[in-house]
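None of the values given here were measured: they were computed from a predicted structure. The figures here come from the full heavy-atom set of this structure, side chains too, leaving out hydrogens, waters and symmetry mates. Chain letters run A, B, ... following the sequence lines, proteins first, then strands; residues in each count from 1.
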Number of protein chains: 2
Amino acid sequence: MTLTEENYIKAIYQLGKYGTLNVSTNSIAEALDTKASSVTDMIKKLDEKGYANYKKYQGVILSVEGKKIAANIVRKHRLWEVFLVEKLNFAWDEVHDIAEQLEHIKSEKLINELDKLLDYPTHDPHGDPIPDKLGDIKKTDKILLFNLEENTSGVCVGVKDTSSAFLRYLDKHNIALGSEITVLSKEDFDDSMVIKIQDSVMSISQVVANNLFVKQLSQKN
Amino acid sequence: MTLTEENYIKAIYQLGKYGTLNVSTNSIAEALDTKASSVTDMIKKLDEKGYANYKKYQGVILSVEGKKIAANIVRKHRLWEVFLVEKLNFAWDEVHDIAEQLEHIKSEKLINELDKLLDYPTHDPHGDPIPDKLGDIKKTDKILLFNLEENTSGVCVGVKDTSSAFLRYLDKHNIALGSEITVLSKEDFDDSMVIKIQDSVMSISQVVANNLFVKQLSQKN
DNA sequence: ATATATTTTTAGATTAGTCTAAAAATATAT
DNA sequence: ATATATTTTTAGACTAATCTAAAAATATAT
Ligand SMILES: [Mn+2]
Ligand SMILES: [Mn+2]
Ligand SMILES: [Mn+2]
Ligand SMILES: [Mn+2]
């Protein structure tokens with residue numbers, strides 16, 4: 001398994017919702033910043049090697065074997081992200097690129113010991129679940145803040161956009177994983193909303209609301 | 001800088017005593033388990049890029065730039081080895097291959113934070129010195145146990161052979177970095193010696209004595 | 001000094017991954 | 001249904017790194 005193959009497998013896994021959906025050639029090309037023709041070559045190879053199922057013009061989906069490999073790469077990526085934040089004082093917007101490198105390090109023992117050192121975390125710094133050793137992922141019932149009704153509350157549990165720009169916006173406005181958010185009002189005109197977050201009130205745009213995951217809290221009495 | 005270029009630069013650095021000596025094509029080929037013809041191609045390229053000075057048939061030596069790069073790779077390698085032993089419960093014979101992978105991870109901040117987490121270690125688990133940020137290395141006056149005179153003592157400070165086989169031999173016989181060793185007698189016939197180590201007495205072969213570095217202790221009174 | 005052995009380089013081929021440009025298939029719009 | 005647009009594949013070329021086999025240079029031994 002080459003580094004390049006791993007990157008393709010991971011992209012197919014992520015684009016296809018943890019390996020459950022077919023993925024198009026172009027979407028892979030965009031995700032990996034490469035050309036569609038390169039993707040065609042690679043998905044043919046992944047099919048031949050048994051990591052994926054590919055039918056011409058029909059896109060590609062991972063095999064059971066491929067899904068296992070992908071989940072393990074994602075597991076490593078997310079554990080390393082936790083390590084960087086928890087042990088090496090990185091901010092949550094600084095870890096992704098380094099984790100992209102670290103996820104390819106090959107050592108079963110290394111990742112198991114890292115898991116132990118970090119006390120078996122279940123989620124990465126962006127709220128994404130960490131697959132277990134078998135590749136299984138704990139599903140959470142998170143929804144986009146955008147879909148939270150007026151006068152209901154939720155706890156911030158993840159981000160959809162993981163760009164530095166967005167993460168620093170959240171930092172600046174004291175929005176962090178674990179913050180409790182209440183939707184005070186929604187503005188039909190531009191889909192912005194006014195929220196209460198940790199006792200302060202602010203207005204957020206539709207863009208922000210659509211990139212923040214919350215876990216809904218049971219209705220107020 | 002590709003991963004392959006880094007491996008060549010490191011090999012030239014190590015084979016040429018931290019970049020001070022000319023290195024032959026064949027010795028690089030042997031170290032990297034590749035063919036001499038491949039080495040010729042690569043050292044030409046390293047010369048062109050300014051990382052080394054190469055004259056046909058005369059071997060190669062690193063440039064100042066090349067030495068800096070090499071020292072940084074070695075620094076990363078050895079810091080990761082300390083991390084694996086100190087934080088992830090690896091034995092000293094298990095860390096080298098993983099460090100070979102980790103040494104190529106690119107992030108200045110990562111390595112600085114790792115250094116801090118480990119409390120700025122000066123030596124790796126095998127007793128080898130860790131270059132500082134500038135690539136400078138603290139020289140120690142270690143000698144091979146083989147060269148220690150009868151009735152003198154030394155503290156074990158490093159190993160020359162870092163193979164699992166040798167390291168586990170040392171573990172088995174309770175020889176570790178920091179152990180105090182006294183040479184009780186030397187056998188001319190096979191160059192073996194009898195030593196006292198931590199109050200127990202044992203005989204070691206010439207092979208062992210030639211792969212163990214000690215720091216000589218001031219003569220007994 | 002000359003022959004022999006060893007080391008190093010060159011020449012040419014191979015593989016993984018990539019690209020551009022053109023052709024083929026599929027999707028969309030009227 | 002047909003034309004048009006988009007997506008995907010194919011064909012052929014390129015680069016980095018590698019190899020084998022042969023040629024050239026250097027080192028060693030008598
Ligand atoms: Mn990430
Ligand atoms: Mn993440
Ligand atoms: Mn090592
Ligand atoms: Mn070491």
Give the rounded distance in Å between these two atoms: [atom1] of [X] and [atom2] of [N].
X        : N       : atom1 : atom2 : answer
Asn22(A) : dT7(D)  : CG    : P     : 16 Å
Met42(B) : dT10(C) : CE    : P     : 16 Å
Asp41(A) : dT8(D)  : CG    : P     : 15 Å
Lys49(A) : dT15(C) : NZ    : P     : 14 Å
Lys44(B) : dT8(C)  : NZ    : P     : 14 Å
Tyr57(A) : dA5(D)  : OH    : C1'   : 15 Å
Gln58(B) : dT8(C)  : CD    : P     : 10 Å
Glu48(B) : dA16(D) : CD    : P     : 11 Å

Looking at [N], which nucleotide sits across from it as a Watson-Crick or G-U wobble partner, both distances under 3.5 angstrom, or is there none?
N       : result
dA13(D) : dT18(C)
dA24(D) : dT7(C)
dT30(D) : dA1(C)

**Request:** Would you name the heavy atoms of Lys67(B) and Tyr13(B) that are closest together and state the gap between them?
**Result:**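 Closest approach of Lys67(B) to Tyr13(B): O-CE1, 4.0 Å.
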**Item:** Distance-only side-chain donor-acceptor flag, Ser27(B) / Ser24(B), under 3.5 Å
**Value:**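 Note: Ser27(B) and Ser24(B) side chains meet the donor-acceptor criterion.
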**Prompt:** Under 4.0 Å between a side-chain N/O of Ser38(A) and OP1 or OP2 of dC19(C), yes or no?
**Reply:**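 Affirmative; the distance criterion is met.
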**Prompt:** Toward the 5' end of DNA chain C, which comes first, Thr34(A) or Tyr54(B), by nearest nucleotide?
**Reply:**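 The residue mapped nearer the 5' terminus is Tyr54(B).
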**Message:** Tell me whether the count of non-hydrogen atoms from other residues, nucleotides or ligands lying under 6.0 Å of NZ in Lys109(B) goes above 12.
**Reply:**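 Atom NZ in Lys109(B) is packed in, count exceeds 12.
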**Request:** Would you confirm whether the ring centroid of Phe146(B) sits within less than 6.0 angstrom of the ring centroid of Phe213(B)?
**Result:**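 Not close enough - the centres of the two rings lie 6.0 Å or further apart.
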**Item:** Check: His96(B) ring centroid to His77(B) ring centroid under 6.0 Å
**Value:**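 Yes: the rings meet the under 6.0 Å criterion.
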Give the nucleotide from the list [options] with an atom nearest to the side chain of [X].
X        : options                  : value
Lys56(A) : dT9(D), dT18(C), dT9(C)  : dT9(D)
Asn26(B) : dC19(D), dT8(C), dT7(D)  : dT8(C)
Thr40(A) : dC19(D), dC19(C), dT8(D) : dT8(D)

**Request:** Just call it for Ser37(A): base, sugar-phosphate, or nothing, with non-hydrogen atoms closer than 4.0 Å on any strand.
**Result:**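 Base contact.
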